[in-house]
There are 2 protein chains.
Amino acid sequence: MVRTALFSETDFIDAAMALVAEGGPNAATMQAIARRVGAPTGSIYHRFDSRAAVLGIAWNTAYASFVDALAPLLRRGRPCEAALAILPWSRENGHRARFLLLNEPVALFEDNPPPEPQRARLEELESGFDEAFQACVVACGDGTADEERVARAKFLIFDAPIAILRPHLSRGAPPPPYVERMITELHAGMPIAASPAHSFPMNRADR
Amino acid sequence: MVRTALFSETDFIDAAMALVAEGGPNAATMQAIARRVGAPTGSIYHRFDSRAAVLGIAWNTAYASFVDALAPLLRRGRPCEAALAILPWSRENGHRARFLLLNEPVALFEDNPPPEPQRARLEELESGFDEAFQACVVACGDGTADEERVARAKFLIFDAPIAILRPHLSRGAPPPPYVERMITELHAGMPIAASPAHSFPMNRADR
DNA sequence: TGCCAATTAGAATGCATGTTTTAGAACGTA
DNA sequence: TACGTTCTAAAACATGCATTCTAATTGGCA
């Protein structure tokens, strides 16, 4: 190496994440990323093969951080704690959280799927996380993990907390305290293993 | 009128909805819409001002149908029934449902906001629906509609059912029966008006 | 000191796509 | 039957963006 680099790889990754977090996937044009860093667009291509690679690496970075925060709790069979752990994680990971939780990978990558190394890395992360998740489902039930059980767990641990969090993430505002209350109450009222009472035909009316 | 039209306005609207439902927002290019209908792209511009107008009208159409299905139940103060009504509605409105429920308007319209007439129409629909929603929140509580109450109701009536439905909408498969069970149980276990037990500091542990 | 690979710098290229234009066909009416 | 308006048809245009190219700069090392 003979010339000292003015910009680092993570400069570009962070800029891409911030742009997507603030303005959606197609706000992160190569020119916008470069402009945010203060570099020419050509410099991005010295470090990354393509835009898809930049976004892929950004996604894997954010996802790995998310997995680190939740997987240990899942492995210990603590669904409610895992769901609640999303709150401090997103508080401590501003742009990362908005990038990861506000965007669906399918919308981000459908037009330009990330190249092989990133694909493989993501699959690795996902299978590791799924292992932890399955362990949690089994631990919380009678040992089985049928389709309904898995769907309930996914909802309780990921989809519901994220849905509750979404309006505040969108506004870029810190989540108010009642968010924690909602998640706690949700898990208390609707366990992963359906309570026997609800296995019978509906005998209760909300009217 | 002197020449009979080969294609109708709704042909193009439906094609746009189907394309977005199947492949996300940027699958609905003007050429793709035209190709699906079997018309030249120019014909679209005879009926609509722009791509934004096409998507705007499509959105308003789907949203109006959704409002028709849910608003009456909300006005009568039936949150659980309203949440459950999303299921038959989405079953009966294949492309419409996937178009409306699988896409966030912000992602669909951020780059090209729909022109004035569609904007105004949407605002009209939204304010009417919000009125019904607020009535429901008030009816289900002690007469107040504070921020937390509203957030809980939004989650219970819209976000949670849609999150539960999402995987099946994405696959294009009919939702299995346990989806109905999950929504019913969710509303039973976590009412809009927080149960007094949960107003106290957490006294229960999930561990 | 002078060389050279790594890096910056920014213009050039090519492609996808929304929109416009121009030409021609259809059909009710006079 | 000829006209005028509405529509089809397809090519042309404009723009934004990812990617590539060419040149200039830097600073450790022979």
Side-chain angles (χ1 to χ4, degrees), chain A residues 1-20 22-59 107-118, chain B residues 1-20 22-59 107-118:
Chain A
M1 189 171 305
V2 275
R3 178 176 182 177
T4 61
L6 286 182
F7 319 104
S8 72
E9 285 203 9
T10 59
D11 285 340
F12 294 105
I13 299 294
D14 289 346
M17 265 201 270
L19 285 166
V20 174
E22 289 162 8
N26 31 22
T29 68
M30 292 304 258
Q31 348 263 339
I33 296 171
R35 199 178 323 129
R36 186 165 185 128
V37 172
T41 68
S43 288
I44 306 180
Y45 286 91
H46 265 279
R47 299 155 217 275
F48 307 98
D49 284 343
S50 64
R51 179 171 181 269
V54 176
L55 292 179
I57 293 173
W59 185 267
L108 200 52
F109 295 123
E110 66 184 347
D111 300 316
N112 40 352
E116 201 35 61
Q118 280 75 270
Chain B
M1 192 171 302
V2 275
R3 178 177 181 176
T4 61
L6 285 182
F7 319 103
S8 72
E9 285 203 10
T10 59
D11 285 340
F12 294 104
I13 299 293
D14 289 347
M17 264 200 272
L19 284 165
V20 175
E22 289 163 7
N26 33 19
T29 68
M30 293 303 258
Q31 348 263 339
I33 296 171
R35 199 178 322 129
R36 185 162 184 129
V37 171
T41 69
S43 288
I44 305 180
Y45 287 91
H46 265 279
R47 299 155 217 274
F48 307 97
D49 284 342
S50 62
R51 179 171 181 270
V54 175
L55 292 179
I57 293 172
W59 184 267
L108 200 52
F109 296 123
E110 66 185 347
D111 301 315
N112 40 353
E116 201 35 62
Q118 280 75 269

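Sequence lines set the chain letters: A, B, ... in the order given, protein chains first and strands last, and positions in each chain run from 1.
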| field | salt bridge (Lys or Arg N to Asp or Glu O under 4.0 Å) partners of residues 39-54 of chain B, not counting sequence neighbours, each pair once | value | none

| said: If the cut-off is 4.0 Å, is A:Thr4 near the phosphate of D:dT26, judged by side-chain N/O to OP1 or OP2? | reply: no

| query | In whole angstroms, how far is the C1' atom of D:dT26 from the CZ atom of A:Arg3? | reply | 5 Å

| note | A:Asp11 CG to C:dT7 C1', in whole Å, measures 14 Å

| query | Between the two end axes of the helix from C:dT1-D:dA30 to C:dA30-D:dT1, each built from 5 base pairs, what angle do you get to the nearest 10°? | reply | 30°

| remark: Sorted by chain and number, sequence neighbours left out, side-chain hydrogen bond (donor to acceptor under 3.5 Å, both in side chains) with B:Asp111 holds for A:Asn26

| request: Indicate yes or no: at least one non-hydrogen side-chain atom of B:Gln118 is less than 4.5 angstrom from one of B:Trp59. | output: no

| task | Output yes when a side-chain donor or acceptor of B:Thr10 lies under 3.5 Å from a complementary backbone atom of B:Ile13, and no otherwise. | result | no

| field | nucleotides 10-22 of chain D: protein proximity per nucleotide (B base, S sugar-phosphate only, - neither; heavy atom, under 4.0 Å) | value | BB-----SBBB--

| field | Spacing between B:Leu6 atom CG and C:dA26 atom P, to the nearest angstrom | value | 10 Å

| Validation row: A:Val20, A:Leu55 side chains within 4.5 angstrom (heavy atoms) | yes

| task | In whole angstrom, give the distance that lies between atom CG of B:Leu55 and atom C1' of C:dG18. | result | 12 Å

| task | Kindly say if A:Arg47 contacts the phosphate of C:dT8, meaning a side-chain N or O under 4.0 Å from OP1 or OP2. | result | yes

| said: Give me each pair satisfying salt bridge (Lys or Arg N to Asp or Glu O under 4.0 Å) with a member in residues 31-44 of chain B, each pair once, sequence neighbours excluded. | reply: B:Glu22-B:Arg36

| said: Restricting to non-hydrogen atoms, name the atom on A:Phe109 and the atom on A:Gly56 that form the minimum distance, rounded to 0.1 Å. | reply: CE2-N, 3.8 Å

| message | I need the full list of salt bridge (Lys or Arg N to Asp or Glu O under 4.0 Å) pairs touching residues 7-20 of chain A, with sequence neighbours left out, sorted by first then second residue. | response | none

| query | Can you check the A:Glu9 CD to C:dA6 C1' distance for me, whole Å? | reply | 14 Å

